[in-house]
Every structure is written in structure tokens, then in C-alpha cells.
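In what follows, a structure is listed as C-alpha cells, so that the remarks can point back to it.
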Amino acid sequence: MEGNKSAYSAASPEEQLNHSPPPPDNEEKTTHLRFLLSNAEAGSVIGKGGATINDIQSQSGARVQLSRNFEYFPGTSDRIIMVSGTIDDVLKAVNLILSKLLDEFYPEDGGETDPQSKIRLVVPNSSCGGIIGKGGSIIRSLMEESSASIKISSQDTYYPGLHDRLVTVSGSLGEQMRAVELILLKLVEDQYYHQSAHAPFPYPAVAYNGMNYGPNAPGPKYQNNRSPNKPQEDRSSSITIGIADEHIGIVVGRGGRNIMELSQLSGARIKISERGDFMSGTSDRKVTITGSQRSIHMAESMISEKIASVAERE
């Protein structure tokens, strides 16, 4: 692994994390880091019977949690992993995870350069300013010091209740780890970031099933296109989302009032599965939304907002 500017890639996992250690008063601070994994990557990290994830926790001293199946980061089909512990322990765990994924999903091609990969960190909107800096000054210095590429997604208005952005770090393992360390040291200075530490999947109880309504996204697959000559957004289709059983009453409302209102306002038809009929592998009820893409998106957003507003009062 010649030619890499970072000290991480040339050392063992234990030695790597001695590079530029956090100041003594930071060593005992507890923090967390959330990032995205595909289902295949999540399976690799968990291992058979949970053996791999237990090993990672034992070696690092950090706690590693994953969102459940079908609990995807909004607009993606990726699960969320949360690593928590002291700064040093979190970095050790992230290094072990990325090293394993690099070996399994980014095999070396025999060239002199290190394999390139990326990690997508989940960071609260309010904490991104501390990474970007005035006029982008901080993010430029982070990229210069780590030699990694760092890109921050724009704020997404498509999902009510989503207050996070994705920070994508690309480069070799050493470059990524150095950038992650620098970013984490910025985040621990942010008081709000500590308050954002909760379960790996803190979003409203709607499972988005990887549907992405962003401007460059494919959108849902149209299973029942009844009018092929109509514009795509006006074609009739349906999607099924999962909603936690305990939140179904919020969607239905007393005497079905809420679900009727949602249907009338969005123009979509909303059908909820019978008790005990759950999304595969979960305890979430099936909610099928049928209509045009616009009406489906509106209904899904309204359902998400209604659940989020009630959850905030609890």
C-alpha cells in the first residue's frame, strides 16, 4: 500500500488509531457515529449468529447497533449502523468494520494504488455547519489533511421529520479513517450532536422500502400502469410501506376519520392490512397506497408527518 499519504493504511488496526490521538480530555468522552450499509454489508458485519458483530464489539469496546430489516434511511435501501462509546473505541470499531467491508466488497486489483471506497455518515442538519465552516473553510481543511473526498448532501425536503444529511467520505481506507476521525472530533464539540444519540433508526415508524422521490431518483416501480400514454407522474401505481402496529391507530383515527381525511387530501387510496398481517420479518402492519406518483408521495408524507407529530408529544 505505497503512495498513501495517511498513516492508517500502513499500520495495523491498533497502530492506526494511535495516529493523531484525541486530546486526553476527549479520550473518555462518549459519542456515537451513524452511517449507512447495504443489506449485504449489514449481513457481513453481523456475521453468522451475530459472531462478527460480537467480535467487533469485543475488540473495540464500542457498542454496535443496526436498524432492523426494512428500516432504511429515507430515500435509500440502506440500513443504518450506529457505533457508540469513547472516541477511541468508536474509531477502532469503524476501522474494523471498514476493513472487513473493504476485504469483502472492494478486492484489490493488483495495482499499486489502494482500493477506493466510501462511507456515508448520517449527521444532523444542525451539526453540518461545524463540518462545512464559513465559506466551506473547514471542509476544505478536512479534505486537505485527510486527502479524502468529503461531500455533504443538500437538505432533503421530501421526507417530513428527516433532520439528517449524508456526509460521504471517499478514498482509501487510511484516508477515510483520517477524515472520519477529524469529522468526529468536530462533532463531539457540538452540544446538539450529543442530544441526537438515540436508536439507530430514529425516524417516524414508516419504512420507506428504498423508495426515493428525489429529483434524480427512479421513484417506485409502477406495477399497475393503467394509462401508458399519460405522463409518468399521473400513472396509477401502488406501494406498500410498513407502519409500527402501535401507530396504526394514529393513521386510522377515531371511526376512520384520519385515514379518510388522508385519502381525500392526497387523492390516494389507502388500505391497511388486518391485525397480525405484518411486513416480512417485522411487527409492522402493511399499508398499501394506490394512486398517481404525486398522490402516493403526498399520502406517504402526510402519514409520516402525523406519526412524527404524535411521537414528539409522547
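- No donor-acceptor pair under 3.5 Å is formed between the side chain of Ser147 and the backbone N or O of Glu175.
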Pair Ile119-Leu101, side-chain contact (heavy atoms from CB on, under 4.5 Å): steps then yes or no: CA-CA 10 Å; Ile119 177 174; Leu101 297 180; over 6 Å; no
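- Taken to the nearest 0.5 Å, the CG atom of Leu166 stands 10.0 Å off from the OG atom of Ser154.
- Among all heavy-atom pairs drawn from Arg285 and Glu274, the shortest one is NE-O, 3.4 Å.
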As a quick check of understanding, evaluate side-chain contact (heavy atoms from CB on, under 4.5 Å) for Ser283 and Asp245, giving each step before the final call. CA-CA 7 Å; Ser283 58; Asp245 200 26; 5.5 Å; no
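- One distance of note links CD1 of Ile56 with CD1 of Ile81; it measures 7.0 Å at 0.5 Å rounding.
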Under the side-chain hydrogen bond (donor to acceptor under 3.5 Å, both in side chains) rule, what do Tyr192 and Asn125 come out as? Steps first, then yes or no, please. CA-CA 10 Å; Tyr192 178 81; Asn125 285 336; over 6 Å; no
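- We find the CD1-CD1 distance between Ile139 and Ile132 to be 6.0 Å, quoted to the nearest 0.5 Å.
- For Arg79 (side chain) and Ser67 (main-chain N/O), a donor-acceptor pair under 3.5 Å exists by modelled atom type.
- If you take CE on Met143 and OG on Ser141, they are separated by 9.0 Å, rounding to the nearest 0.5 Å.
- Taking the side chain as every heavy atom from C-beta outward, Ile87 and Val90 never approach each other to under 4.5 Å.
- The main-chain N or O of His32 is found under 3.5 Å from a side-chain atom of Tyr193 such that the two form a donor-acceptor pair.
- Looking only at side-chain heavy atoms (C-beta outward), Thr31 and Leu187 stay at 4.5 Å or farther from each other.
- Residues Lys186 and Asp190 are not paired through a salt bridge, judged by the lack of any N-O separation under 4.0 Å between the basic side chain and the carboxylate.
- The closest donor-acceptor contact from the side chain of Gln65 to the backbone of Met82 lies at 3.5 Å or more, if one exists at all.
- Two residues are said to be in side-chain contact when any heavy atoms from C-beta on lie closer than 4.5 Å; Asp164 and Arg34 meet this criterion.
- Between Ser238 and Thr288 the shortest side-chain heavy-atom distance falls below 4.5 Å.
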Show your reasoning for whether side-chain contact (heavy atoms from CB on, under 4.5 Å) applies to Val94 and Gln176. CA-CA 10 Å; Val94 172; Gln176 287 182 76; over 6 Å; no
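- At distances below 3.5 Å, not a single donor-acceptor pair connects side-chain atoms of Arg178 with backbone N or O atoms of Ala148.
- Across Thr52 and Gly47, no two heavy atoms sit closer than the pair OG1-CA, 3.3 Å.
- Panel note: side chain Ser263, backbone Ile259; no donor-acceptor pair is recorded below 3.5 Å.
- The two residues Ser266 and Ser295 make their nearest non-hydrogen contact at O-CB, 2.9 Å.
- Of all non-hydrogen atoms in Val123 and Cys128, the two that sit nearest each other are CG1-SG, 3.9 Å.
- Residues Tyr72 and Asp78 are not in side-chain contact: their nearest non-hydrogen atoms beyond the backbone lie 4.5 Å or more apart.
- Atoms CD and CG, on Gln59 and Leu96 in that order, are 5.0 Å from each other to the nearest 0.5 Å.
- Between Ser237 and the choices Ile289, Thr290, Ile296, the side chain to side chain contact (heavy atoms under 4.5 Å, CB included) rule is met once, by Ile296.
- For Glu104 and Lys100, the salt-bridge test passes: some basic side-chain N is under 4.0 Å from an acidic carboxylate O.
- Contacts of Ala40 classified as side chain to side chain contact (heavy atoms under 4.5 Å, CB included), with partners at least two apart in sequence or in another chain: Ser38, Phe105.
- Rounding to the nearest 0.5 angstrom, the gap separating the CG atom in Leu173 from the OG atom in Ser99 is 4.5 Å.
- A pairwise comparison of heavy atoms in Ile241 and Glu300 identifies CG2-OE2, 3.8 Å as the closest pair.
- Applying the 6.0 Å contact sphere to CD of Glu246 captures more than 12 heavy atoms from other residues, nucleotides or ligands.
- Using modelled atom types, no side-chain atom of Asp55 and backbone atom of Ala51 make a donor-acceptor pair closer than 3.5 Å.
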Audit row: Phe35, Leu121, side-chain contact (heavy atoms from CB on, under 4.5 Å) steps and yes/no: CA-CA 4 Å; Phe35 54 99; Leu121 308 176; 4.0 Å; yes
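- Counting only heavy atoms from C-beta outward, the side chains of Ile150 and Ile183 approach each other to under 4.5 Å.
- In this structure, Arg165 contributes its side chain and Ser153 its backbone to a donor-acceptor pair below 3.5 Å.
- Using a 4.5 Å cut-off on side-chain heavy atoms (C-beta onward), Arg63 and Ser84 make contact.
- Nearest heavy-atom pair, Met298 versus Leu265, reported as atom, atom and distance to 0.1 Å: SD-O, 3.5 Å.
- Val251 has its side chain out of reach of Val287: every pair of non-hydrogen atoms, C-beta onward, lies at least 4.5 Å apart.
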